[in-house]
Structure formats: structure tokens, C-alpha cells
Amino acid sequence: HEVFRIAIGGLQPDQGWHLIPGIVRQHRPDALIIEEATAIYRKRPETPQLTSDHTSALEHVFRVCNDIGVRVGFLDLPLSGVDESFDWLLALHAGLSKKYGIPHVALPLDESLLRDIVHTNEDGKDAYAAALQQLIGEIASSEADFTELGIGRGFEAFSMDEVEVTEGSFGEFSRTGLTVKLLELPEGKACRVELPKTVTISGFIMTMGPVTGDLAFDLGETHASLHCYDRHCYYLRLSGKPITPAVAGEFTVHQGSALPQDELLKGEKNLGPVLGDSPIFFSKQMPTPKR
């Protein structure tokens with residue numbers, strides 16, 4: 001088997017959902033293996049909104065995979081500090097696995113295989129590889145049934161390759177299998193972005209690090225200011241931030257010039273010009289009416 005890993009460090013599942021459909025369409029693998037149980041997101045308190053969004057987002061991924069003939073499997077790896085009697089994420093995955101016939105391998109927690117709350121030691125790598133191999137075998141010998149999916153909410157992202165930008169220079173961000181085009185904004189600069197269609201925008205994905213600052217977005221009657229400085233990071237990483245959902249076909253983004261007051265927790269703080277990178281924004285489209 002040839003395995004490709006696209007790991008988007010710094011993104012929680014509720015931000016990364018919007019990228020998965022595009023990634024699947026781009027690479028068109030034989031199978032998509034979803035591993036999100038090691039994210040700190042798993043420790044969020046369960047709410048009806050959380051489980052509803054999680055279910056709808058995964059079902060949207062299933063639709064995309066079903067449309068282009070990609071098989072799906074869940075690989076749930078352990079995370080220290082999770083109350084096993086109240087593990088909403090694993091319970092939700094188990095329910096979807098049963099409903100649609102999706103292979104599901106959940107590895108129990110074994111602290112002797114970890115070097116911290118989630119990362120493995122050498123023995124852990126072997127155990128996790130064995131779990132992955134087991135899942136691949138189950139995916140190859142089974143076929144999911146998505147006939148009950150129906151029509152639901154869409155969770156998609158527009159990349160900078162798909163939009164029209166009035167001003168601004170472009171760069172590239174690449175890390176662990178993901179490469180995206182960046183819109184780079186120097187401090188004090190603004191640009192207008194025209195979308196391929198009008199959607200309900202629920203947030204943006206941008207880089208965060210020691211040279212990023214605050215981005216302001218104007219979406220008609222809706223305005224949002226996002227703090228994009230990461231005091232934990234001395235390198236650039238991707239992150240996502242939600243906004244109050246706004247229906248728009250275009251927006252303006254402005255890069256502030258104020259140096260963030262946050263103290264860097266490691267490394268040396270960069271006191272030079274602020275730079276904002278907004279590689280992609282994600283949109284939670286309006287629910288599609290059932291036919």
C-alpha cells in the first residue's frame with residue numbers, strides 16, 4: 001500500500017473540515033482515512049450544536065467520497081485525559097460506522113506507548129502502524145452504503161486560486177503534504193476579494209506566527225477582527241478562526257500595523273513589519289432545501 005499523509009498542524013477538526021473535500025478531489029485516493037481523535041477538540045464538552053456540526057461535516061465528506069469513488073475509514077487513536085465513559089467523538093464515529101458500514105478501528109489508550117499526552121514512542125509507532133494496517137485491510141474488503149445520506153449542509157473552502165483579488169502579492173505555504181497559495185498583505189494595506197458565488201461565510205483560514213498581526217474583514221454589514229499572532233509559535237502555521245456567519249459574494253481584508261503585545265513563549269520576538277497571510281477562507285454554505 002502507498003500511504004500519503006496530509007497533516008495540517010494547528011487546525012482543529014471543525015476548521016479542517018472545510019479543506020477535506022477539496023483535498024480529496026485533488027488527490028482522488030483509493031481510500032480516505034480520517035484520524036481526528038488525537039486533536040484537543042475531542043475534549044470539548046458535548047453539545048447538540050457540536051455533535052450536529054461534526055455529523056453534518058463528516059456526512060458532507062462522505063458525499064464527496066461517494067461521488068468520486070473514494071472509500072472511507074475511521075482511525076481513532078488515543079489521547080490522554082479523555083473520560084472514556086463520556087467520549088462523544090468515539091461514540092459519534094461508532095454510530096456513523098454502524099449506520100453507513102464504514103470500517104472503524106479505535107485503539108485503546110496505553111500510556112506505555114506515549115512520550116506525552118498524544119505523541120508515540122518507538123513502541124507506539126509500531127502499534128499504531130499495526131492499527132493502520134488492520135484498517136486498510138478492512139477498507140479493502142468492505143464497501144460502505146451511503147444511500148441514506150440525502151442532501152445536507154455543505155462544508156467547503158475557497159482557495160486563493162478560485163477568487164478574484166484587486167491588490168496584493170502572493171506566496172505559498174507548504175507543510176506535511178498540504179500546499180496552498182497565500183495572499184500576502186503588508187501592514188496597513190487592504191484588498192478586495194471577489195468570490196465565485198455568494199455563500200454564507202463562517203470563518204477564515206490564515207497563517208499565524210511571529211510576524212503576523214491583526215486582520216480586519218468587511219463583509220457588507222458584517223465586520224470581523226481576527227487576532228492572528230501566535231505566542232506559542234516561532235514559525236508560521238495554519239490556523240482557522242470563526243466569525244459571525246455572513247452572506248456575501250465579496251469582502252475586503254485589511255492588515256493592521258500595530259505590533260501585537262503578546263509575549264512569545266519561546267524563541268525571540270520579531271519586532272519588524274507585520275505581515276498577514278490569508279491563504280484560504282472557509283464557508284459554511286446555506287443548508288440545501290430537501291427535494
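This one's a predicted model, so the numbers in the text were calculated from it and none came from an experiment.
Among residues two or more places apart in sequence or in another chain, the ring pair (Phe, Tyr, Trp, His ring centres under 6.0 Å) test is passed with His54 by Trp17, Tyr41, Trp88, His93. The side chain to side chain contact (heavy atoms under 4.5 Å, CB included) search around Val3 returns Ile136, not counting sequence neighbours.
When the shell of 6.0 Å around CG of Asp30 is examined, it contains 12 or fewer heavy atoms from other residues, nucleotides or ligands. Heavy-atom contacts from other residues, nucleotides or ligands closer than 6.0 Å to CZ of Arg5 number 12 or fewer. No more than 12 heavy-atom neighbours from other residues, nucleotides or ligands sit within 6.0 angstrom of CD on Gln133. In the displayed structure, Glu221 atom CD is contacted under 6.0 Å by at most 12 heavy atoms of other residues, nucleotides or ligands.
In terms of modelled atom types and a separation under 3.5 Å, the side chain of Arg115 and the main chain of Asn121 share no donor-acceptor contact. Listed for the Arg71 side chain is a donor-acceptor partner under 3.5 Å among the backbone atoms of Ser142. Not one N or O on the side chain of Arg237 forms a donor-acceptor pair closer than 3.5 Å with the backbone of Arg175. With Glu35 contributing its side chain and Ala37 its backbone, the two residues share a donor-acceptor pair below 3.5 Å. Under a 3.5 Å cut-off, the side chain of Thr55 and the backbone N or O of Ser52 do not form any donor-acceptor pair. Ser80 places a side-chain N or O within donor-acceptor distance of the main-chain N or O of Ile117, the cut-off being under 3.5 Å.
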Pair up each side-chain donor or acceptor in residues 94-103 with any protein partner under 3.5 Å, not counting sequence neighbours, and list the distances.
{"from": "Ser97", "atom 1": "OG", "to": "Ile102", "atom 2": "O", "distance (Å)": "2.4"}
{"from": "Tyr100", "atom 1": "OH", "to": "Glu59", "atom 2": "OE2", "distance (Å)": "2.7"}

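Inter-residue side-chain proximity for Leu219 and Ile243 is flagged as met; some heavy-atom pair is nearer than 4.5 Å. With contacts defined as side-chain heavy-atom distances shorter than 4.5 Å, the pair Ser202/Thr200 does not qualify. Taking the side chain as every heavy atom from C-beta outward, Glu172 and Val180 never approach each other to under 4.5 Å. Annotation: side chain of Leu19 is in contact with side chain of Ile205 (closest heavy-atom distance under 4.5 Å). Between Arg42 and Val82, the closest side-chain pair of non-hydrogen atoms falls below 4.5 Å. Side-chain contact check for Pro196 versus Val163: some heavy-atom pair is nearer than 4.5 Å. Taking 4.5 Å as the limit, every side-chain heavy atom of Phe155 sits out of range of all side-chain heavy atoms of Pro21. Between Val247 and Val199, the closest side-chain pair of non-hydrogen atoms is not below 4.5 Å.
Atom NE2 of His119 and atom OG1 of Thr38 lie 8.0 Å apart (nearest 0.5 Å). Note that CZ of Phe4 is 13.5 Å distant from NE2 of His1, once rounded to the nearest 0.5 Å. In this structure, OG1 in Thr252 is found 11.0 Å from CD in Glu194, a value given to the nearest 0.5 Å. With rounding to the nearest 0.5 Å, the separation of CG in Leu109 from CG in Leu114 is 6.0 Å. For the atom pair CG (Asp76) and CD1 (Ile34), the distance works out to 9.5 Å, reported to the nearest 0.5 Å. With rounding to the nearest 0.5 angstrom, the CE atom of Met206 is 11.5 Å from the CG atom of Leu183.
Closest heavy-atom contact between Thr179 and Ser174: OG1-OG, 2.9 Å. Closest of all the heavy-atom pairs between Leu107 and Pro78 is O-CD, 3.6 Å. In terms of heavy-atom proximity, Leu90 sits nearest to His104 at O-CE1, 4.1 Å. Between Gln255 and Asp214, the shortest heavy-atom contact is NE2-O, 3.3 Å. Closest approach of Pro13 to Glu36, counting heavy atoms only: CB-OE1, 3.5 Å. The shortest heavy-atom contact between Thr198 and Gly249 is OG1-CA, 3.7 Å.
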**Item:** Working for side-chain contact (heavy atoms from CB on, under 4.5 Å), residues Thr51 and Glu46
**Value:** CA-CA 7 Å; Thr51 54; Glu46 182 181 10; 3.6 Å; yes
**Message:** side chain to side chain donor-acceptor pair (under 3.5 Å) for Glu156 and His60? Distances and angles first, verdict last.
**Reply:** CA-CA 9 Å; Glu156 298 275 355; His60 180 66; 2.7 Å; yes
**Request:** I would like to know whether Val64 and Ile20 meet side-chain contact (heavy atoms from CB on, under 4.5 Å); could you show each step before the answer?
**Result:** CA-CA 9 Å; Val64 173; Ile20 295 175; over 6 Å; no
**Message:** Would Leu182 and Met160 count as a side-chain contact (heavy atoms from CB on, under 4.5 Å) here? Give the steps.
**Reply:** CA-CA 7 Å; Leu182 291 172; Met160 280 298 157; over 6 Å; no
**Request:** Show your reasoning for whether side-chain contact (heavy atoms from CB on, under 4.5 Å) applies to Val72 and Phe62.
**Result:** CA-CA 7 Å; Val72 183; Phe62 299 161; 3.9 Å; yes
**Item:** Worked verdict on Asp14 versus Arg44 for salt bridge (Lys or Arg N to Asp or Glu O under 4.0 Å)
**Value:** CA-CA 12 Å; Asp14 56 337; Arg44 291 182 184 177; 2.9 Å; yes
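A single hydrophobic cluster is seen to contain both Leu226 and Ile201, as judged by linkage of ILVMFWY side chains at heavy-atom distances under 4.5 Å, directly or through other members. Criterion: ILVMFWY side-chain heavy atoms under 4.5 Å apart, direct or through other members. Under it, Leu135 and Phe74 are not part of a common hydrophobic cluster. Put simply, Leu79 and Tyr128 are part of two different groups of oily side chains (I, L, V, M, F, W, Y) that touch within less than 4.5 Å, one to the next. In this structure, Leu77 is a member of the same hydrophobic cluster as Ile139, with clusters built from ILVMFWY side-chain heavy atoms closer than 4.5 Å. Leu113 and Leu75 sit in two unconnected hydrophobic clusters of ILVMFWY residues. Membership requires side-chain heavy atoms under 4.5 Å apart, directly or through other members.
Classification of Arg192 and Glu250 as a salt-bridged pair holds, one side-chain N sitting under 4.0 Å from a carboxylate O. Electrostatic pairing of Glu162 and Lys197 does not count as a salt bridge here, judged by no charged N lying under 4.0 Å from a carboxylate O. Salt-bridge check for Asp53 with Arg153: passed, with a basic side-chain N closer than 4.0 Å to an acidic carboxylate O.
Separation of the Phe251 and Phe204 ring centroids falls under the 6.0 Å cut-off.
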